[in-house]
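Atom set for the values below is all heavy atoms of this structure, side chains included, hydrogens, waters and symmetry mates excluded.
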Amino acid sequence: MEYYFMTRVPGLKGAVTLADFPNVDGQTPWPDDMIAHVTWTDGQKWNVRDLCEIKAGTATEFTEDDLPQDCPENASPFFFLYPEKLPAALDQLIVSPIMTTSPGWRGNLKVMGKTTSASYQGEYPSFMVKIHQGTLLSFATFVQNTDKVKTQFVLPNLRQDPAVEDCVVRFLGSKSKTVFKDITVKRNHTTVVDVSAPIPHMKQHFADMKSRFC
């Protein structure tokens, strides 16, 4: 199964589209109807709320306005599909092969402003929540280091247990090995960090990003 994160950037509006039409491989059975759930951690447990039923062959978009009233403004909501309603609190996130198809299920993430919007493929495979420690490598070819452009780094991190801890992401040049910046992110959250100037020569040297997670 997959998890999908909603980006909550100040000044923008996030949305997640969940679709109940997987790429079935002909071997893995899947239910006709699924229930859309949203979950967030309070550090002690995963709070889980069912949102609606999604019929096979249909898709539903959820925005921040659709979040449950008891979801805190500073929480990071993660969405997922499951064939049954779940308890309101879980000690660990569910890792289920029920949606294990090849190719995998897909979801759409959207960030909207007053005059424009952008969409991305953004599933977070459930098997990744069991990874104890990982390193992220990404080429920042779209970074624009100018006075008039603001670059936000969005990092979703999801683990099976609900603990919230601070972790470190280090930005460095792939050739020079110069450390440009260390930032603190939170485990089991989608952290949004401003990585605009004054990081020097970001566009030329900011070629890889390595992260260390608790």
Side-chain angles (χ1 to χ4, degrees), residues 1-8 14 16-20 22-25 27-31 34-51 54 62 67 71-72 74-109 120-139 153-171 182-193 208-214:
M1 61 185 290
E2 317 282 9
Y3 287 94
Y4 309 88
F5 65 94
M6 176 178 285
T7 303
R8 305 179 84 175
V16 175
T17 299
L18 300 184
D20 188 5
N23 296 305
V24 181
D25 58 9
Q27 299 178 359
T28 306
W30 58 283
M34 301 289 274
I35 298 175
H37 293 79
V38 63
T39 184
W40 66 92
T41 179
D42 59 14
Q44 303 296 322
K45 64 182 182 301
W46 286 104
N47 296 278
V48 181
R49 305 290 183 268
D50 57 277
L51 299 172
I54 299 182
F62 301 95
L67 292 173
C71 180
N74 61 347
S76 290
F78 292 87
F79 295 76
F80 64 98
L81 295 175
Y82 201 69
E84 303 172 359
K85 289 187 177 182
L86 295 169
L90 294 175
D91 293 330
Q92 290 190 322
L93 289 179
I94 292 178
V95 177
S96 171
I98 197 168
M99 290 159 51
T100 304
T101 59
S102 181
W105 289 51
R106 295 292 182 259
N108 183 70
L109 311 180
Y120 307 91
Q121 178 184 322
E123 63 274 2
Y124 195 109
S126 60
F127 74 85
M128 289 179 58
V129 306
K130 290 187 173 183
I131 298 176
H132 176 66
Q133 187 175 19
T135 296
L136 172 70
L137 177 64
S138 177
F139 290 90
F153 176 62
V154 180
L155 178 66
N157 174 258
L158 195 60
R159 293 284 300 278
Q160 195 168 18
D161 65 273
V164 176
E165 300 176 3
D166 287 343
C167 307
V168 175
V169 175
R170 172 161 289 177
F171 296 78
D182 282 347
I183 61 173
T184 299
V185 301
K186 287 189 178 299
R187 174 177 160 186
N188 287 327
H189 276 257
T190 300
T191 306
V192 181
V193 181
D208 61 19
M209 298 176 285
K210 294 184 178 179
S211 61
R212 174 174 55 81
F213 292 111
C214 306

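- Put simply, the side chain of N157 gets close to the backbone of N188: a donor and an acceptor are under 3.5 Å apart.
- For H189 (side chain) and T41 (main-chain N/O), no donor-acceptor pair under 3.5 Å exists by modelled atom type.
- To the nearest 0.5 angstrom, Q160 atom CD is 5.5 Å from K130 atom NZ.
- Between K186 and D166, at least one side-chain nitrogen of the basic residue sits less than 4.0 Å from a carboxylate oxygen of the acidic one, meeting the salt-bridge criterion.
- Remark: side-chain polar atoms of R49 are paired, donor with acceptor, to backbone N or O of A88 under 3.5 angstrom.
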Next item on the list: Starting from the C-alpha separation in whole Å, work towards a yes-or-no answer on side chain to side chain contact (heavy atoms under 4.5 Å, CB included) for D42 and N47.
Entry: CA-CA 7 Å; D42 59 14; N47 296 278; 3.6 Å; yes
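- Here the side chains of L158 and L93 are in contact, with some heavy-atom distance below 4.5 Å.
- Across E2 and F80, no two heavy atoms sit closer than the pair O-CB, 3.5 Å.
- Here D161 pairs with R187 under the side chain to side chain donor-acceptor pair (under 3.5 Å) rule; sequence neighbours left out.
- Legend: residues meeting side chain to side chain donor-acceptor pair (under 3.5 Å) with R8, ordered by chain and number and at least two apart, are absent.
- Looking at every heavy atom in both residues, G43 comes nearest to V164 through CA-CG2, 3.8 Å.
- Minimum interatomic distance between Y124 and P156 (heavy atoms only, all atoms of both residues): CE1-O, 3.8 Å.
- The two residues L51 and H37 make their nearest non-hydrogen contact at CD1-C, 4.4 Å.
- To the nearest 0.5 Å, atom CG of residue D50 and atom NZ of residue K85 are 4.5 Å apart.
- Here the CG atom belonging to L109 is positioned 9.0 Å from the OH atom belonging to Y4, to the nearest 0.5 angstrom.
- Here the OH atom belonging to Y82 is positioned 13.5 Å from the OG1 atom belonging to T39, to the nearest 0.5 angstrom.
- Between the CG atom of D91 and the CD atom of Q44 there is a distance of 10.5 Å, given to the nearest 0.5 Å.
- The shortest non-hydrogen separation linking P72 to W40 is CD-NE1, 3.4 Å.
- Residues F153 and I183 have side chains in contact (heavy-atom distance under 4.5 Å, counting atoms from C-beta outward).
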Determine, step by step, whether Y3 and V95 satisfy the side chain to side chain contact (heavy atoms under 4.5 Å, CB included) criterion, reporting the C-alpha distance in whole Å, the side-chain angles of both residues, the deciding distance to 0.1 Å, and the verdict. CA-CA 10 Å; Y3 287 94; V95 177; 5.8 Å; no
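- Shown here are the side chain to side chain donor-acceptor pair (under 3.5 Å) partners of D182, two or more places apart in sequence or in another chain: R170.
- Side chains of T190 and V154 form a contact here, defined as non-hydrogen atoms less than 4.5 Å apart.
- Side-chain contact check for M34 versus L18: every heavy-atom pair is 4.5 Å or farther apart.
- The closest side-chain heavy-atom distance from V38 to F62 is not below 4.5 Å.
- Distance check, rounded to the nearest 0.5 Å: CZ of F79 to CG of L67 gives 5.0 Å.
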